[in-house]
Structures are given as C-alpha cells and as structure tokens.
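In what follows, a structure is listed as structure tokens, so that the remarks can point back to it.
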Amino acid sequence: MSQPPFEDDLFTPPTTGLLKNLNPEQHAAVTLGQEPALILAGAGSGKTRVLTTRIAWLMSQGLVAPGGVMAVTFTNKAAKEMVTRLTAMLPVNVRGMWIGTFHGLCNRFLRAHWKLAGLPQGFQILDASDSVSAVKRVIKAMKLDEERFVPKQVSWFIAGAKEDGLRAKDIEQRDEQSRTMVAIYQAYQDQCEREGVVDFAELMLRTYELLRDHAELRAHYQQRFKYILVDEFQDTNKLQYAWLKMFAPPGAGQGVFAVGDDDQSIYAFRGARVGNMADFEREYRVRKVVKLEQNYRSFGNILDAANELISRNSHRLGKNLRTEMGPGEPVRVNESASDFAEAQWLLEEAQALHRQGMPRQEIAILYRSNAQSRVLESALFNAGIPYRVYGGLRFFERAEVKHALAYLRLIENANDDTSFLRVVNFPARGIGARTIELLQDAARVSGRSLYQSVGAVAGKGGSNLAGFVSLVESMRNLTQGLTLREIISQMLESSGLAEFYRNDKDGAERLENLDELINAAEAFVTQEGFGKDAVALPVDELAPGAIAEGLPNAVAAAAVTPDAETGEIMSPLAAFLTHASLEAGDNQAQAGQDAIQLMTVHSAKGLEFDAVFITGLEEGLFPHENSLADGDGLEEERRLMYVAITRARQRLYLSFSQTRMLHGQTRYNVKSRFLEELPEAALKWLTPRNQGFGSGFAREYQSAWERGSGLKSMVGAGRVETSTAARAPYVPPVPQTMKQAAAQKVGNEYGGLRVGKGVFHNKFGEGVLVTLEGSGQDARAQVNFGRHGMKWLALAVAKLTPID
DNA sequence: AAAAAGCATTTTTTT
DNA sequence: AATGCTTTTT
C-alpha cells in the first residue's frame, strides 16, 4: 500500500473477532481480497452485515484507509444504516469515507468539481416534481400542445434518456414527435443551465461525463478508491453501471464488491437492469460468485413457499434459501367474500396476534397497489386499531414546506425560475396569470431569468412584481449573517407565509410543519457540524489543484471544496437546501405509538416483520393486469411476490377476495395464480378451497390447452364466445362436483348460476360470474376468467357450471 | 382572484 | 370513489 494504513488518529484497531459468528459464505465474502466480487445475497441472509463487516475488516487489516473506501446504496436509509453499524463495529472516521447514495455521492463529487463540471458553485437540485414543472414551462414557452406532450411524460422521457447516458444530440429523431421531444429536452437542459439547477439524473450523468472526459481526474479517483462496494446491484440502471466503471474499470485492480439479489429485482419499470449482475460477472471476470443462501429471518414453511414460487422464473442466477429454524407455522390462506370482509378478517387476525403478545409494529399488511389501502384503513380506523401507512407525502414534499424552500432558494439564487413562479404570488400579492405571462415573454426574449426581467413589465402588475423583487432583496439583506434557524424564521415572517397560515382556519398543521422545518434545519446544522470548530479537510477530498489546508470543514457531506479564488465555502443555507432535495424525509406518516404497518409490497422491500399479511391475491391485481402485457412483466410480479413472502419472520398470511370495489365499481376476481404456485405442504387453508378445482387440476388443464390449437388468439376479452367445447382440443375429466352441479342445472333458467359465484368452463377453467343478462336463447353471462380475461358467453352454447 | 364545476385518471417509486 | 387538474363561472 502506498498510503499509510491509518491516517486517521481516531482509529483504533478492533479488539476481537469481527469475523466471529459469520457463516462460511459470509466469511468468504467478507474476507475476499482486492478483486472483483459478486455476492448473490438472498433475502434475510445478512447482506448489510456482510457489507459493513467487510469494510471494517479491510480497515482492521490495514488493507485500506477510510479515504480509500466507497460504499454506494440506493436510499438514504440504507446509507445511514451502514454508517451506524459500521461505527458500532469500529471507531472510524466515517467522514473520510464515501458512503452514500448514488446521487448523494454525485452531489459530493460535483460540489468538489463544480467549476470543471460547468456548474455554478451553489447549484441547486430539482426533485422530480420540480423537474416536471420546469418541463411544463418549457413546453408552454415553445407553444406546444400539452395534450400531445404531457409534461410528466416528457420529464420521464428526459430522465430516461439521461439514465441511458444520452444527451439530446445523441437521440435518434425518427419522426415529428420524437424530433419535438428532443427539442424539448434540449430547451429544458438550456433552461436548467441558465437557472443553475440540475435534476437527479443530471447529477449522475454529469459525474459520469466528467470522469469520462478527464483522464487525469479519472486516474485520481481510480487511484484513490481501492475498494468500492455497491449495494442492491440488481437495481442499478445503465448509467449507474457505466458510472461505476468510471471509478473502477474492469481490470484496474480495485476491489469492486457488488452485492445483489436478482430475485428481488422489482424496479425494472424505472430503468433497473437485472442484467447488470450477469454483465458484471462477465466483464469483471469474477472468479467465483459467492451465494448467501442461509436465511436468518424466516421459518421453513415461509422459505419453502418463497423458493417454490421463484423457481418458476427463468434466467435466474440460481439460489435457494435455507433455514435452520425449523418449519414453523404453516402459511395461512384465507378467502373472503368481499374486500370489506377481507379487511374485517384481517384486523381480527391481527388483533388476535397482538393479544398473544406480538407488538403491532411487527405486523405488516401488504398490498400491490395503493388504492387497496383505503378499505383496510377505514376498517382499522373504525375498529380503533392504531395503524401507520407508508408512502404518503414526505416531509419536504408538503406544499407549505416547498413554499418555504422556494423562498429560501430565491434568497440563495434569485434566478431559480421554478422557485420564483412557485411563490411569486403566494401568499397572494396581486400578481395574476396575465402579469406572469408578460414577464415570461420578456424573459424569453432577453434570455434572462424572470427575476432579472421584472423591469420589463409595466403597469400595476409590474409594480407588484417590483414589490416582490424588493421583498426578496430585503429578505436577503435581513438574513445576512444569521444562523440557519434565524434565516428560516425571518423568511417565514417577512414572506408572509407564517401570517398566511396563522389566518387560515386549516393552517395549524401547516404551521406545525413549518416549525418542524426549523427543527430539521437545526438538526442538520448540528449533525453536519456547522458552527463547530474548524477541522482540516482531508487532503484527498480536494479537487486536484485546489488548496485546502486549514479551511473549516463547514459543509461536510454537502460541499467540501472552497472556491479556489474567493475561498468561499458553500453556505449552510445552500447546503441545507441540497439536503432537502436529496432527502425528502421520512416516507411514513405518523410515527409514535405501536401501530400496524400498512404499505405496498414495493415499499416493504428491505423490511421484515413477525407477521405479514399479503392481501388482494387476485388475478388482475397481483399479478397486476398492466404487467402482463410486456414480456418480463409476469416474472417481475413473481419477484414482487417473492419479496412480499420473504418479509415474514414467523407468520405469513395470504388473502384474496371474491369481490372488490375498485374505481367505484365492483370487480369479481379469480384468485391469483401465485397461490397455485406455492407448495401445498406449506399451506393451511383457513377457508375451504373450491372443491375439485385445486391448483393441480387447473394447471394441468391449462397447459394441456396451451399445447393445443391456436384458438386462444381468437378469444379476445368482451367477445361473445359461441363455440367452446366443440373446438377445445382437450376436454378434461369432469370432476365429481361438476357432475353434481350439472344435475342442479335442470329446470333452472340460469342453471344455478349466481353473480359473484364461481363457475367452471371447459376451455377457460375457473372463473367468477360478473353479470347475467337476457333469457332463453339470448341468455348471456359475463365471466372473469382471470388470466384468460373477461368474457361474454352465450349460455345456450357455452357450458357453464357453478362451483362451490 | 377565488370558487365551482367539469374532467380524466387510476401499478409499483428513490434520488 | 376519490383525487388532482383544468376550465368555467361568479
């Protein structure tokens, strides 16, 4: 090692056994040398432990100094967790290490190299919604049709392009539509440059390009980072992988340690590429993939269910979870008549668990889509059971907080048009749409910011605008030299925001949130070390060529390099604004008391609970109908189910309902195919199964049908199917119960069929009757056959038999 | 400029 | 059903 192993005097070698209690696979992963490594880490296999222990081990062995380590995660939560556990393991200066999210590290990088990156020193970051409104402005300015170019979609397109490493000029323009899209992209980009702001994808792309285009810089960082660890590698997108290769190209000899689980890849819809794992293995010539298959979380039946289910996916890297905890409770399956009944059953079961001593926060109710939470919430609410819903608005996304942040941003950079527009007339100060339009026209013509163009608008609107400008000016003057806390208080008063919410009859909660903003700022200042005694910057932090010694380490994670000319360091305010953009705050609503946890399966990833309820296991819902269109959709849904199952430690409940209110109308659903993909031996049905129509039968039947003729393509949803049994290539043996049911049919016009009940059809199998219409020869039925879709059938021809 | 009415939309989401 | 967004009305 060219570097002294421990330049940090805070460091003391660990006393004993970092490696104690690691299983052989974990041990192997932790103690790998400086070589490319791919760790296939199953759910509950101690992944975070391996990551943190490896870092600790590397340093305790003197293989690397803190400054030579980079650890990348996706979420702030994961990054924090890593830091916490690492510092518990050994007293190390975490600040010298690069531990953070992809975007957080990019921010850090760009703050250090802002000049080279062509950014203003105090550049601010647009969150997703800021970005959409910025795109919207561009589209308006270009006088384009917002119906044809939906801002949200265009913003998504731009982010997608950036995440593929493409700038506007790199995009192929096939037709008018794509040409315009690219033009918007370019105009948006120009606008961002002008305003001194970057969006999330830009943070990544800029960093990537900077390294790509500057060999010296690249060499510096490659030399610096001896060990790089990447968490959740299955979720990386194209750009993130390319980014990694800039810091550590294959063959450069660094210890790149990629940890992931292809079976838990559930973010393809936002650009994640599971294929990066296989690419990594190949391109980095990974000697041996380490598989962590020992699970420390769940009992056997739960793992059996998970293993069996996921085994049906193709193109897996291959992994089977095992446990030493014994089989445990069976996986319980429950069928309900309606979503209300489901909610009722669920809360009773949850209460029972709670009475038996399980803390409420150890009980999770999972669902595929957010819309499903409503019934559950109202049931829990009416029953007076405390619950907590994840995934609502986050703190920094609240309207009042965004307003406050917009004022703060204007203090920092008045040319931020997004912020300008947000608060120019809030609280109302007589600046209407017409005035804004005039202002925007003027700004466009002169190529200047809205703030700079205020003088161009005459009349009453113009003088009101002038008033706004002087307000911002006075805020900037008044806050000069104040602490962050004082700055925010001052801003809240002089902007009129505080006054506005004081007068608003529903403003109490918003006022509280604004108070909370002050607290958040205070916490940030304390945490990040503002106002503390100056600490010398680690030399390595500096941009090549910058001078560093003796400067106060005022900005820690946010900004580390002072302007080489002025010596100015990023202000606490600017750093706090960055923090607010990069970390939108907690994703859960009310904390506090012991409450049942409600969340989507996606947001449950990475969490674990004693008891887990997976609800709405119905065809169309889970797997979701929109997922079946694209090729890999079903497999991703299955991985999602796999993630859901593996959240459970002791008890797992699977629940589905015959009827469900969705978007204001009742849907009749068929139970999810996933239920049939689980091992019978691990399950316990709390409600009787549909007799004779068990998984085996339905599956055998279906595959027999699929082997047959291509009739399937003819049976579009909604079409009246007139010829069924005659064309079916294979008629399955009629189960006993069907014969009985058929006997009942005699003498009854609808043959004992009832809306909402199950039916069996020779070709489509099991379904649920949704509608009955007409009579005699015209009698027809609408049936939801789940994976075969919704069908209209002529009862005179189609053989429908009731089941149950 | 605010309030009301009309309208589409409705998988999953972090930074 | 309910939410958010846009247009129309007052």
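Naming convention: chains lettered A, B, ... in sequence-line order (proteins, then strands); numbering from 1 in each chain.
Along DNA chain B, the nucleotide closest to A:Ile431 and the one closest to A:Ala584 are compared, and the more 5′ of them pairs with A:Ile431.
For the pair A:Asn76 and B:dT15, the criterion of a side-chain N or O lying under 4.0 Å from OP1 or OP2 is met. Using a 4.0 Å cut-off, no side-chain N or O of A:Arg270 falls inside it from OP1 or OP2 of B:dT15. Regarding contacts with the backbone of B:dA1, a side-chain N or O of A:Asn425 is found under 4.0 angstrom from either OP1 or OP2.
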Within the sub-3.5 Å range, which N or O atoms of nucleotides 4-6 of chain C have a protein N or O partner, and how far apart are they?
{"residue": "C:dT6", "atom": "OP1", "partner": "A:Lys136", "partner atom": "NZ", "Å": "3.2"}

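Note on A:Lys402 versus A:Asp127: salt bridge recorded, some NZ/NE/NH1/NH2 to OD/OE distance being below 4.0 Å. Salt bridge annotation for A:Glu193-A:Arg206: present, with a cationic side-chain nitrogen under 4.0 angstrom from a carboxylate oxygen. Looking at A:Arg388 and A:Glu377, no side-chain N of the basic residue comes within less than 4.0 Å of a carboxylate O on the acidic one, giving no salt bridge. Of the charged side-chain nitrogens involved, at least one lies within less than 4.0 Å of a carboxylate oxygen, so that A:Glu499 and A:Arg502 count as a salt-bridged pair. The pair A:Glu583-A:Lys80 counts as a salt bridge, with a side-chain nitrogen and a carboxylate oxygen less than 4.0 angstrom apart. Using a 4.0 Å cut-off between charged side-chain N and carboxylate O, A:Glu618 and A:Arg667 make no salt bridge.
Residue A:Ala201 comes nearest to A:Lys162 through the heavy atom pair CB-CB, 3.6 Å, listed as atom of the first residue, atom of the second, then distance.
Listed candidates were B:dT15, B:dA1, B:dT11. Nearest to the side chain of A:Thr75 is B:dT15. Listed nucleotides B:dT13, C:dT3, B:dT11 differ in distance to A:Arg374; the shortest reach to its side chain belongs to C:dT3.
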A correct dot-bracket answer for DNA chain B, with pairs being Watson-Crick or G-U at under 3.5 Å, [ ] for crossing pairs and | for inter-strand pairs, is ||||||||||.....
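Stacking of the aromatic ring of A:Phe269 onto the base of B:dT13 is not found under the criterion of centres within 5.5 Å and planes under 30°. In this structure, A:His624 packs face-to-face on the six-membered ring of B:dT11, meeting both the 5.5 Å centre cutoff and the 30° plane limit.
When the C1' atom is used for both B:dT14 and C:dT3, the distance is 23 Å, rounded to whole Å.
Between A:Arg273 and A:Asn237, the side chains place no donor N or O within less than 3.5 Å of an acceptor N or O (distance only, hydrogens not considered).
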